Amino acid sequence: MSKKSRYSFLAAGFVLATLAGCTPGGSGGDSGKTEIKFINGFTGGDGDYMTKIVNDFNESQDEYTIVQSQEKEHYTKFKSGDYHLVVMHETNLETYQKDQLIQEAGPFMEAAGISEDDFNEAGIQSGLIEEQMFGVPLDIHPLTMFYNEELVQEAPTDYEQLKQLGETLQSENSNLYAFGLPSTGLTTFYFTVAAAQNNIDLAKEGYLNFTDDAYADALMQYHSMIFEDNVSPEKLGLDGEFQAFMKSADDGAKQTAVTMTGPWYYQAVKEKYGDSLGIGKMPTLFETPATTGNAHTIAVAASVDDDAIKDGIAEFLTFMYTPENLANWAESGQTVTHLETLDYISEDPEKYDLANVNQEQLEMYTPAPRVYQFDEQMRYMNEVVFTKLTNEPNLTKEDLMKELEKATKASKQVADTQPE
Amino acid sequence: MYMTKRTKWFGFVFVIPFLISFLIFWLTPLLYGIWISLHDFRLSVGNNGFIGLQNYVAILTPTTLYHDVFMNTLKNTLLFIALSVPPLVLISLGLALLIDHLPNRLKTFFRTVFFLSYAISVTAVSALYLWLFGANGGFINNILLKTGLISSAINWTGDQPYAWFVIVVATVWWTVGFNMLLFVNALDEVDVNLYEAADLDGASAWNKFRYITLPDIRNISIFVMITTVIASFNLYGQSLLITRGGPGQSTSSLIMGIHATVFGNNQLGIGSAMALLMGIIMMLITGLQYWASYRNKREETGQRREPKQRLKRALNAGPTNVSQQPATTVEKKERKIT
């Protein structure tokens, strides 16, 4: 981390201290070993699997030790702290590279004995910025379909099948629906999948352009799915696609037979449905088959220049990118992109059921647009536009277009803050 | 009192911890914040140089992203203050009066019960209210649907005005105990002889409250109102966790806006300018409250009412109970109050 960045975080600390108060974090480690500080945001069920890899590495080592921090706000902590390694989403790589907070990962991969050829195409793309690897590919987490086999026997593959399923379920119980659209939460994935399945490129000169007429039509289809076709309930709220899948129509709640959600909910849905849980590929809601989502990569902080730390990072990568170790990550439900590990887990489809299904849809995986501050450029869309699509029955395309213009204007202004 | 040089120095030593804390935790951050707000300061890449008042101009220019964020979140925060301060003051006063009239052995128990919610973290409070007010299968919706009071589920956290209702109810439930405790202590200080004298003269409960209780707890009431306004200005956890600032950014608070500007957009300079503008607005509102209170007090001081006069007013306003003597009778008798 640069000196300037440290000052800026100190200043941010002052602002926060006056606003809310804060507690500084800390780290420890075994004495006599070189410490590599590793931060990630795996605070959910997947956190334990990453911890297992870290612990196994530490047990195998006399020379290095990984000090892991799992934080919900891990990006903020990374900007502030003296971390060496960070798990970074593919959508953030460009931003952190332009802000000079991370360095090229290629030399570390080389030292660890791994190369681009060890990963599938989706994995390679997740770590690349302008033909250079800035993130070591870890996994892809695409929109994943879970379904309740008690309500639907086979995974629906397109919107027509979902619509038909909805009609059948509605005739049985008015609280049963085919699937649910959330008002907020995972809406970024729904926005990008609408673009990907309609072959629309949202990126334009460094910002996200949402004002494409075809894109407005595609988004209005989400509106129709609720208010015309009755395939999804309206106003499901935060993470509604997942919540509605977990409810029971017998209790008076709106229940869905299918959910298109993040794979990190795998443990929760497995616990609820057990053997009745089905896993499928993302169905074609629009024109062409495609799925979107995000990817995890491992990036190295720009401040890392100590040779011992560099060697330690390479050692850790060597350990992690062996099929036996990386399979732990696949067990959490994440779809690893390391080819040898994919071969390894395909030998045990029951243990790695989700990863095995999801690796089949990596061929149709379309990464999110690479723009500076992607999440901030999407903020207005996520916080305002999707809520309108799912909550306002009288929304017209003209109303939507006005909102898309506002979202594009905000996106442009965020893009303009990019350092020169 | 005569003070030796040594005594003065000794006294100064006791003030030093305060001075150090004041310098480190108040003055330095404030001055540093002002300095940052005058620079193009990014959280990620650091200081890009002095830019004068450009950050303030960016916030106050209607076409910019930061203006939209600041004005929208300021409007939401002011609305929350208007919605939350009256119940937070009135309900806490009501609870304090209720406790004040309880037998002594029950007072401690109920004081603890009403204060207990204040000890819970905002995360737990938000989780509880999300469960209660869930749109799909939430507890409140289930009850309302089963009793036939509503025909379709209410989207409590996703539609207005329900979203504000949930946030205000959660805030009142969470923090009302603190204000109540201040009022309980203030009520303990009211001279009981005044009530006894008023009872003897047949004053109604309302008149005793209006002319004896309220004037005696006036100072603490002003303090409670000012601190409640300041606390409401700092709305963050409830709207972040219960509604995520929605629907459509309508419950996004000023602090959420500043947080997004600093940690989302990396715009530390603009975020600091927003925080300072927020501080100025808070000071103006607090100053206005002080001024309004001071003005009323001065008016009252002009026609200063001693306890005897206040009691007389309580009696003149007349009893509400038919068994009590009519006000006119009391007035005619011009009873001498000792």
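So that the names make sense, note that chain A is the first sequence line, chain B the second, and so on, each numbered from 1. These figures come from a predicted structure and were not determined experimentally.
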(Q) Which label fits B/Trp35 and B/Phe41: parallel for a plane angle under 30°, tilted from 30 to 60°, or perpendicular past 60°? (A) perpendicular

Q: Against chain B, work out which of A/Leu238, A/Asp251, A/Thr387 has the most heavy-atom pairs shorter than 4.5 Å and name it.
A: A/Leu238

Q. Relative to chain B, which segment of A/Lys247 carries a heavy atom at a distance below 4.5 Å: side chain, backbone, both, or neither?
A. side chain

Q | Region of A/Thr417 in contact with chain B, defined by heavy-atom distances below 4.5 Å | A | both

Q) For B/Asn136, is it the side chain, the backbone, both or neither that has a heavy atom under 4.5 Å from a heavy atom of chain A? A) both

Q) Checking heavy atoms, do the side chain of A/Gln373, its backbone, both or neither come under 4.5 Å from chain B? A) side chain

Q | Options A/Glu376, A/Lys98, A/Gln255, ranked by heavy-atom pairs under 4.5 Å with chain B, top entry | A | A/Glu376

Q: Quick one: which of B/Gly245, B/Gly264, B/Ala260 has the most heavy-atom pairs under 4.5 Å with chain A, could you say?
A: B/Gly264

Q: Classify the angle between the aromatic ring planes of B/Phe178 and B/Tyr118 as parallel (below 30°), tilted (30 to 60°) or perpendicular (above 60°).
A: parallel

Q. Under a 4.5 Å heavy-atom cutoff, which of A/Ala253, A/Ser183, A/Gly237 has the most pairs with chain B?
A. A/Ala253

**Q.** Heavy-atom proximity to chain B below 4.5 Å, by part of A/Lys412
**A.** neither

Q: Let me know if B/Asn155 has heavy atoms under 4.5 Å from chain A in its side chain, its backbone, both or neither.
A: side chain

Q: Please name the pair of heavy atoms, one in A/Thr256 and one in A/Glu241, separated by the smallest distance, quoted to 0.1 Å.
A: OG1-O, 4.4 Å

Q: Evaluate the side-chain hydrogen bond (donor to acceptor under 3.5 Å, both in side chains) criterion for residues A/Tyr380 and B/Gln249: first the C-alpha distance (whole Å), next the side-chain angles of each, then the deciding distance (0.1 Å), finally the verdict.
A: CA-CA 9 Å; A/Tyr380 192 83; B/Gln249 297 177 336; 5.8 Å; no

Q. Which residues satisfy the ring-ring contact (aromatic ring centres under 6.0 Å, His included) test with A/Phe227, sequence neighbours excluded?
A. A/His223

(Q) Counting only non-hydrogen atoms closer than 4.5 Å, does B/Thr64 touch chain A with its backbone (N, CA, C, O), its side chain (CB onward), both, or neither? (A) both

Q | Side-chain touch B/Trp174/B/Tyr129, heavy atoms, less than 4.5 angstrom | A | no

Q. At a heavy-atom separation under 4.5 Å, does B/Asn141 approach chain A through its side chain, its backbone, both, or neither?
A. neither

Q.
Using a strict threshold of under 4.0 Å (side-chain N to carboxylate O), is an ion pair present between A/Glu73 and A/Lys77?
A. no

Q.
Which label fits A/Tyr96 and A/Tyr75: parallel for a plane angle under 30°, tilted from 30 to 60°, or perpendicular past 60°?
A. tilted

Q) Are any side-chain N or O atoms of A/Asp99 and backbone N or O atoms of A/Leu101, one a donor and one an acceptor, separated by less than 3.5 Å? A) no

Q) Tell me, side chain or backbone of A/Asn391 under 4.5 Å from chain B's heavy atoms, or both, or neither? A) side chain

